[in-house]
Amino acid sequence: MSGTPKIKLTDVHKSFGQKVVLDGVDLSIARGESVVVIGGSGTGKSVMLKSILGILRPERGSITVDGEEVIGMRSKDRDRMMLKFGMLFQGAALFDSLRVWENVAFGLIQGRGMERAKARDIAIEKLSQVGLAESAGDLFPAELSGGMQKRVALARAIAASPEIIFFDEPTTGLDPIMADVINGLIVKCTRELGATALSITHDMASARKIADRIAMLYKGRLIWVGPAATVDHSGNEFVDQFIHGRAQGPITMELRA
Amino acid sequence: MDFLATVGRAFLAFLSHVGRLSAFAGTAVSHVVRPPFYPRLLLRSMIEIGYYSLPVVGLTAVFTGMVLALQSYSGFSRFAAEGAVATVVVLSVTRELAPVLAGLMVAGRIGASMAAEIGTMRVTEQIDALTTLSTNPFKYLVAPRLLAGLVMVPFLVLVADIIGVFGGYIVGIYKLGFNPASYLARTWEYLEPLDVISGLTKAAVFGFLISLMGCYHGYYSRGGAQGVGTATTNSVVSAAIMILVFNYIITALYFGK
Ligand SMILES: Nc1ncnc2c1ncn2[C@@H]1O[C@H](COP(=O)(O)OP(=O)(O)OP(=O)(O)O)[C@@H](O)[C@H]1O
Ligand SMILES: [Mg+2]
């Protein structure tokens, strides 16, 4: 991995009040690489993505994108920086006052000033890539199922062919076949179109398919980062327990009977 | 008692947020005057505020004018000054009642819906999604609403002036038996441009405040449906209080010699 990393996190700390969520995260992602973050529910995976996007502001550490520091960036510079990004939110976060196609075309029309007719064509094309018919484009998000909303959000994230794409649980809520279609689409974005991807998933099949490298977040730190192929013999008992989904092991769920 | 406590608490909370509010207002205004502009959204807000508030504002105005004619007639007849009814109606309506009552009605209608809409966008991460699509939420959500409030509430108040005077006229002619021509002459006789202008100034300030409160409380709402509900209540209460306070200040500036 030569040259400036596309994204680099150094010693990132983020807390909410007393609760420490990120406690010194270090990660470097090369241009065109696809990294998947795994980890238990509530460990701060989404918080990590939002910190890179500047939606949340870490108290300490450094985050650079193409060598440019993003923590504390001015809003004008951030708007410009965001042109590089596409983000799929865990909860879809579709604009419910706009039609489906307008959601998908939003970044093209508002962010990049494209004409509506042309943006609509691209939106319809992206919708078909996530398995949605043109007729779905004229519906409102509230008229779609959860999995359909997720796919619309995915189409919106990739509509402008961004350099960097974040996927927060892209296959959650999809049937296995559609999940595989979506995995294929993510692979296409990175391998064929050269985008840099950072994804979060609980679905190990999906992680194996889309990741070049896998990183595991536990107790505010990335306790293991390695090539996707080696995840099965990582030699890390936390990773082993997680990928096999065992209740017994070093990771103890804070449950009370 | 409970109601007063609620109002008092909201008012204290409001004071403690004055710093944040000022910063919000400053940022918002700076985005009103700098491109890119969103004419479609501005138009939508203007229609929402100006057109759809007409029935409720008109109804408020006509009954206010009517009751004012009745009250001043019964009061003034005690010292044989019934002839002043038309003058009292037109001055009270244009200077005070149209702007304040229309302002309060619009605060209930528009301020609440702005807070609910923007608040829902906040808690469902739609505002975060906006920023990742290179669209500044201040420009896209706040600026059009502020501008629309500033422009459309004076329009509503102008309409309310006319309808309010008309209400007084109806009661004056059909119930109190005034001569139509002399009632109208009395209406115009002592009316000065400043009476109307001061009312419209108030309206512009109120319109700005209503939108500001709706956007501010919506923008900073948190915690799901309950948070949005609180934001909605706070936007109406704080807008109503600010309308009353600023009404006094503007009156003192215009007529307080
Ligand atoms: N805005 C916020 N305010 C306060 N606490 C927050 C906020 N956002 C996240 N948290 C806390 O940070 C922790 C990590 O949240 P995060 O959403 O990153 O989890 P996650 O790893 O994405 O989990 P999941 O896999 O369930 O989506 C949680 O304990 C959550 O309570
Ligand atoms: Mg998450």
Side-chain angles (χ1 to χ4, degrees), chain A residues 16 46-47 49-56 70 73-98 102-114 116 119 141-142 149 152-154 156-160 162 164-168, chain B residues 20 23-24 26-45 47-48 113-145 214-215 218-225 227-228:
Chain A
F16 294 99
S46 299
V47 167
L49 289 200
K50 288 180 191 170
S51 299
I52 302 172
L53 291 166
I55 294 168
L56 293 173
V70 297
M73 194 179 229
R74 293 175 49 218
S75 75
K76 204 171 169 182
D77 297 327
R78 185 176 307 285
D79 289 347
R80 177 180 46 75
M81 166 78 73
M82 282 301 142
L83 291 173
K84 294 181 187 174
F85 281 88
M87 166 76 181
L88 165 66
F89 284 84
Q90 188 172 355
L94 297 176
F95 304 125
D96 43 30
S97 61
L98 299 179
E102 291 174 310
N103 264 280
V104 177
F106 194 92
L108 298 170
I109 297 173
Q110 307 296 351
R112 289 167 183 76
M114 188 183 282
R116 286 173 70 81
Q149 292 183 7
V152 173
L154 188 95
R156 182 175 72 181
I158 62 172
I164 306 169
I165 321 180
F166 288 179
F167 300 102
D168 196 341
Chain B
R20 195 167 67 164
F24 183 90
T27 312
V29 169
S30 79
H31 283 286
V32 170
V33 295
R34 279 182 300 155
F37 304 112
Y38 295 101
R40 288 166 66 103
L41 295 175
L42 177 63
L43 193 68
R44 214 179 76 182
S45 287
I47 292 171
E48 181 59 37
S113 87
M114 282 182 188
E117 192 177 346
I118 296 181
T120 304
M121 291 187 72
R122 163 61 71 201
V123 301
T124 57
E125 300 187 319
Q126 291 178 52
I127 294 186
D128 296 333
L130 270 183
T131 60
T132 68
L133 293 162
S134 299
T135 304
N136 190 309
F138 275 92
K139 278 202 165 50
Y140 188 80
L141 295 174
V142 179
R145 287 173 169 81
C215 294
Y219 193 83
Y220 286 110
S221 65
R222 53 184 71 249
V228 175

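Order of the sequence lines sets the chain letters (A, B, ...), proteins ahead of strands, with each chain counted from 1.
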In terms of heavy-atom pairs under 4.5 Å with chain B, the winner among A/R116, A/R78, A/M81, A/R112 is A/R116
Heavy-atom pairs under 4.5 Å with chain B - which of A/K50, A/R156, A/M82, A/K76 has more of them than the others? A/M82
Does any part of the side chain of A/P141, heavy atoms only, come nearer than 4.5 Å to the side chain of A/V152, both counted from C-beta? no
A side-chain contact here means heavy atoms from C-beta on lying under 4.5 Å apart; do A/I164 and A/F85 qualify? yes
Which residues in residues 31-44 of chain B have a heavy atom less than 4.5 Å from any heavy atom of chain A? B/Y38, B/R40
Write out, in numerical order, the residues from residues 123-137 of chain B with a heavy atom short of 4.5 Å from a heavy atom in chain A. B/T124, B/E125, B/Q126, B/D128, B/A129, B/L130, B/T131, B/T132, B/L133, B/S134, B/T135, B/N136
Can you name the closest pair of heavy atoms from [X] and [Y] and give their distance?
X      : Y      : value
B/C215 : B/M114 : SG-SD, 4.3 Å
B/S45  : B/P144 : CB-O, 4.1 Å
A/M87  : A/L53  : SD-CD1, 3.4 Å
B/A116 : B/T120 : O-OG1, 2.6 Å
B/G227 : B/S221 : O-CB, 3.9 Å
A/S46  : A/D168 : OG-OD2, 2.7 Å

Segment of [X] engaging chain B (4.5 angstrom heavy-atom cut-off):
X      : result
A/L108 : neither
A/L98  : side chain
A/L83  : both

Report the C-alpha distance between A/R80 and A/D77 in whole Å, list the side-chain angles of each, state the deciding distance to 0.1 Å, and finish with yes or no for salt bridge (charged side-chain N to carboxylate O under 4.0 Å, His left out). CA-CA 5 Å; A/R80 177 180 46 75; A/D77 297 327; 3.6 Å; yes
Between B/Y140 and A/F95, ring centroids under 6.0 Å: no
Can you tell me how far the CD1 atom of B/I118 sits from the OH atom of B/Y219, to the nearest 0.5 Å? 9.5 Å
